[in-house]
Each structure stands twice: as structure tokens, then as C-alpha cells.
Amino acid sequence: GIQVEQSPPDLILQEGANSTLRCNFSDSVNNLQWFHQNPWGQLINLFYIPSGTKQNGRLSATTVATERYSLLYISSSQTTDSGVYFCAVSILTGGGNKLTFGTGTQLKVEL
Amino acid sequence: DVKVTQSSRYLVKRTGEKVFLECVQDMDHENMFWYRQDPGLGLRLIYFSYDVKMKEKGDIPEGYSVSREKKERFSLILESASTNQTSMYLCASSSNSNTGELFFGEGSRLTVL
């Protein structure tokens, strides 16, 4: 099946810092989403971004489908950004829209 | 906004008990999913359903069954709970397209003693 790798696995930032999270995937995809899992366990949709660039406030994401990676940018980080960030993809053939998840990036933002 | 509601945030059950985890979505989505999440293993798909009364096995279906009698409701059933089923269970739904965006419920943390 498709492989999804995220880096870094762990990240500690000072409040106000910027960061880039990366997601590499092993096959062509028709669906790519970024999620934030808050400390209570809920997965919150950040972006649906199989290709191109999107921005939402301090967050933005870029997917380069031909090179099989996606980047999530967090600017001016806040303590509320802490949690785990997941990238998930589904493949073009045979996968329907069953997403395969990466193992996540654990982010901690400190004062 | 899409809302996916899971019936219980926290459950504690004993080995051998039958456990029902309920999930309801309010966006008329065709597809519904059950995942479990464990430290170091990430999210793994247990079962999914793309229509009423339809179900398909995911990556780890052993020890689980599901029921989808109505479009908005997808139930996960542990016929005889075991300690290795202690986990966080996450329900999700999406519309019926290959590019359907997935929306999750708040999760149900199950402990089997």
C-alpha cells in the first residue's frame, strides 16, 4: 500500500516562531488532507489539498503532487497550536477515499 | 458545519463484554469509517461503509463488526472485548467521491479491564 512519511516526528517551538512540517508519499494521490489533533484527541480538518497552495490565517499548505510531497507552514506559533499534525492521503486507483495516515508530527509550543 | 457525534467519550468495560460504539453524522454523507489510534501505530482503519447496509473490511477488522442500518448512523461492535482492544476509536464520514473530505468525531477512549 501507499506509504506516508512525516517529518520531523517531534518539534518544540517558542511562541512566535515559524515552522514547516513535511509529508512525503509514495504514490500518486487524489486526496490529501492535513489534520490537527488537539490534546483532547479530536482531529480537526486543516486543509484539503491534493495539489496547489492554500492559506487559512497563520497556516498554509502546499502540495507538489508530481514530486509527492506536501508542506504545512505554521507562522507566529501559539501555545494552542500544540498537538499532533497528521497528513493523510488516498490513492487514485482502487483506494476509493480511504485515507492512509502518516504517523504524525508532535508539536509543542512553549511560552 | 459537518458534525460527527460519537456516543461516548470514555468507556470502561470488562473482558468478554459486548461493546457498542455509536456514531452519527448530520451531513447526509454516504461514507462512514471507524479507525483506532494507538501510540506508535497511528490511525488504522477497522471498517468502512459506503452505503446503508454495506460494509467493507479495513486493515484491522479482526475482533470487530459494524452495522449501518441508517445512512446517518454507523456502529462499531466488539462482540467480546479483550484488553488489546483498549484504544482510542475515531469515527469519520465523507461524501461519496474519490476526493471526499473526511470529517472526524471527537473520539471514544475505550479501556478494557
Side-chain angles (χ1 to χ4, degrees), chain A residues 1-7 9-10 21 23-52 54 56 61 63 65 70 83-106, chain B residues 1-6 8-11 21 23 25 27 29-51 54-61 87-111:
Chain A
I2 190 168
Q3 303 299 310
V4 183
E5 295 181 353
Q6 290 185 243
S7 60
D10 299 282
L21 281 58
C23 172
N24 292 332
F25 42 95
S26 61
D27 205 343
S28 299
V29 299
N30 66 324
N31 182 352
L32 189 147
Q33 290 182 242
W34 282 97
F35 296 91
H36 174 219
Q37 188 168 39
N38 64 25
W40 297 272
Q42 183 162 16
L43 282 156
I44 308 297
N45 293 42
L46 296 177
F47 294 102
Y48 166 74
I49 187 165
S51 63
K54 290 186 177 180
N56 184 3
T63 297
S70 183
V84 184
Y85 290 81
F86 288 100
C87 166
V89 303
S90 65
I91 60 174
L92 279 165
T93 57
N97 67 348
K98 295 178 292 178
L99 293 182
T100 298
F101 283 77
T103 52
T105 292
Q106 175 85 54
Chain B
D1 281 351
V2 175
K3 190 158 182 65
V4 180
T5 304
Q6 294 185 227
S8 303
R9 293 295 306 276
Y10 301 94
L11 301 98
L21 298 178
C23 176
Q25 50 94 5
M27 283 301 292
H29 282 167
E30 290 82 6
N31 302 318
M32 296 187 75
F33 305 82
W34 276 104
Y35 288 85
R36 67 177 280 178
Q37 184 179 17
D38 302 286
L41 297 176
L43 277 84
R44 294 178 291 167
L45 181 63
I46 304 171
Y47 267 98
F48 69 102
S49 167
Y50 52 85
D51 202 352
M54 304 300 289
K55 61 184 179 183
E56 285 201 23
K57 294 179 180 180
D59 300 318
I60 52 162
S87 187
M88 168 71 99
Y89 290 89
L90 294 156
C91 175
S93 73
S94 71
S95 63
N96 193 21
S97 73
N98 276 345
T99 59
E101 189 173 353
L102 200 66
F103 296 90
F104 279 89
E106 293 180 321
S108 298
R109 190 170 294 279
L110 172 66
T111 300

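Both backbone and side-chain heavy atoms feed into the values below; hydrogens, waters and symmetry mates do not. Note on naming: letters A, B, ... go to the chains in the order of the sequence lines (proteins, then strands), and numbering restarts at 1 for each one. In this text, all values refer to a predicted model and were calculated from it rather than measured experimentally.
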Practice prompt. Answer with side chain, backbone, both or neither: which region of B:Arg109 has an atom nearer than 4.5 Å to a non-hydrogen atom of chain A?
Written response: neither

Item to complete: Using non-hydrogen atoms and a 4.5 Å limit, figure out which bit of B:Leu90 sits close to chain A: side chain, backbone, both or neither.
Response: side chain

Discussion item. If the condition is side-chain contact (heavy atoms from CB on, under 4.5 Å), which residues does A:Gln42 pass it with, not counting sequence neighbours?
Written reply: A:Asn38, A:Ile44, B:Glu106

Worksheet item: Is it true that atom CD of B:Glu56 has more than 12 heavy atoms of other residues, nucleotides or ligands lying nearer than 6.0 Å?
Response: yes

Practice prompt. For residues A:Leu99 and B:Tyr35, report the shortest heavy-atom separation together with the two atoms involved.
Written response: O-OH, 3.2 Å

Worksheet entry | Distance-minimising heavy-atom pair for B:Met88 and A:Trp40 | CE-O, 4.3 Å

Item to complete: Can you see which heavy atom on A:Asn45 is nearest to which on B:Glu101, and at what distance?
Response: ND2-OE2, 3.2 Å

Worksheet item: Which pair of non-hydrogen atoms, one from A:Phe35 and one from B:Leu102, has the smallest distance, and what is that distance?
Response: CE2-O, 3.7 Å

